[in-house]
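What follows is a set of notes on a single structure, which appears directly below.
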Amino acid sequence: RIILGTLEIQAGGTYHAGDGLFGSDFGSERLIIAGTLNVSGDVAFGMGEDLLSIDTGATITPGFGFDGGGDVDTLRLTGTGTRTEDMSRFQSFEIVEKKDTGIWTLISPDPAAPVTVQSVKVDTGSLVLLGLWKITGNTTTVLSGATLTIGDGSAQSAIEEDQDLEVFGELRVSNNGKVTVAGETR
């Protein structure tokens with residue numbers, strides 16, 4: 001059993017962990033994956049404000065998940081390439097943060113139950129949220145030059161009441177997707 005603290009797997013590097021990675025209840029953990037992560041079990045963060053950062057060029061063993069654990073945890077999406085991930089692999093991440101010029105697509109796995117996050121921030125590049133999403137609390141921000149695309153026409157995504165939506169870049173609602181802002185569907 002390997003306890004996480006800070007682990008950075010750089011591009012070209014490989015990290016092998018037999019039974020998975022586990023967080024502690026004594027602080028925040030950081031897992032930054034730009035290289036290859038091979039584990040046979042889940043990655044479970046502990047208490048604290050944890051960070052999981054994944055680069056578009058990372059290679060991650062299929063079949064296991066990431067659990068943010070307690071507190072407010074961040075899923076940071078980086079890189080200059082293109083990557084798609086199914087959110088069934090990620091649990092208990094309250095903040096989604098998009099960095100670098102790449103294009104990330106996150107898919108909500110269940111058409112009946114939304115992926116719920118507190119905040120989405122797109123600094124650069126593009127982030128596409130497909131399926132059913134619910135963004136609650138805090139502020140959703142799209143900076144100048146960045147793009148947030150919500151919806152694929154299959155579901156309605158919601159930005160909750162008392163949520164600020166700051167768009168300095170581009171917000172796209174595509175393929176007849178719908179966004180509910182403060183109770184009003186647009």
Task: F90 and L52: CA distance, side-chain angles, deciding distance, side-chain contact (heavy atoms from CB on, under 4.5 Å) verdict - done: CA-CA 10 Å; F90 304 93; L52 171 60; 3.8 Å; yes
- [ ] State the CG-CG distance between L148 and L143, to the nearest 0.5 angstrom.
- [x] 11.5 Å
TODO: Please round to the nearest 0.5 Å and tell me the distance separating atom CG of D73 and atom CD of Q91.
DONE: 12.0 Å
Task: Criterion side-chain contact (heavy atoms from CB on, under 4.5 Å) on D42 and D67, from CA distance to verdict - done: CA-CA 8 Å; D42 289 340; D67 186 338; over 6 Å; no
Task: CG on L127 to CG on L106, rounded to 0.5 Å - done: 5.5 Å
Task: Heavy-atom side-chain contact between E85 and L77 under 4.5 Å - done: no
TODO: Decide yes or no for I95 and K121: does some side-chain heavy atom of the first lie under 4.5 Å from some side-chain heavy atom of the second?
DONE: no
Open item on the list: So which atom in S92 and which in G69 form the shortest heavy-atom distance, rounded to 0.1 Å?
Closed with: CB-O, 3.7 Å
- [ ] Kindly indicate whether the side chain of T59, heavy atoms from C-beta on, has any atom under 4.5 Å from the side chain of N38.
- [x] no
Open item on the list: Does Q10 have more than 12 heavy atoms from other residues, nucleotides or ligands lying within 6.0 Å of its CD?
Closed with: no
Open item on the list: Using the rule that Ile, Leu, Val, Met, Phe, Trp and Tyr join whenever any side-chain heavy atoms are under 4.5 Å apart, tell me whether F93 and I54 fall into a single cluster.
Closed with: yes
Open item on the list: Ignoring hydrogens, what is the shortest heavy-atom contact between E29 and M47? Give both atom names and the distance.
Closed with: OE1-O, 4.2 Å
Task: Within-4.5 Å side-chain heavy-atom neighbours: E94 and V117 - done: no
Task: Hydrophobic cluster membership, L7 vs I32, 4.5 Å side-chain cutoff - done: no
TODO: Could you verify whether a donor N or O on one side chain and an acceptor N or O on the other, from T80 and D100, lie under 3.5 Å apart?
DONE: no
- [ ] Determine yes or no for a side-chain-to-main-chain donor-acceptor pair under 3.5 angstrom, with S108 supplying the side chain and L132 the backbone.
- [x] yes
Task: Flag side-chain contact, heavy atom, 4.5 Å: V115 against P109 - done: yes
Open item on the list: Please find the pair of heavy atoms, one from K98 and one from T124, that lie closest to each other, and give the distance.
Closed with: NZ-O, 3.1 Å
Task: Atom pair CE/CG of M87 and L130 - distance to nearest 0.5 Å - done: 12.0 Å
Open item on the list: Could you check whether any side-chain N or O of T56 sits under 3.5 Å from a backbone N or O of G81, counting only pairs where one atom can act as donor and the other as acceptor?
Closed with: yes
TODO: Check whether L129 and I103 end up in the same hydrophobic cluster, where Ile, Leu, Val, Met, Phe, Trp and Tyr are linked by side-chain heavy atoms less than 4.5 Å apart.
DONE: no
Task: Beyond-backbone contact of L31 with F66, side-chain heavy atoms, under 4.5 angstrom - done: yes
- [ ] Evaluate the side-chain proximity of D71 to F45: yes if any heavy-atom separation is below 4.5 Å, no if none is.
- [x] no
Task: Atom pair CD1/CG of I60 and L37 - distance to nearest 0.5 Å - done: 6.5 Å
- [ ] Would you confirm whether R83, through its side chain, and A58, through its main-chain N or O, come within 3.5 Å as a donor-acceptor pair?
- [x] yes
Open item on the list: With heavy-atom distances below 4.5 Å as the criterion, would you say the side chains of S28 and E49 are in contact?
Closed with: yes
Task: Path from L75 to F64 over hydrophobic side-chain contacts below 4.5 Å - done: yes
Open item on the list: Please find the pair of heavy atoms, one from T78 and one from W104, that lie closest to each other, and give the distance.
Closed with: O-NE1, 3.0 Å
- [ ] Supply the atom-to-atom distance D55 CG to I9 CD1, rounded to the nearest 0.5 angstrom.
- [x] 11.5 Å
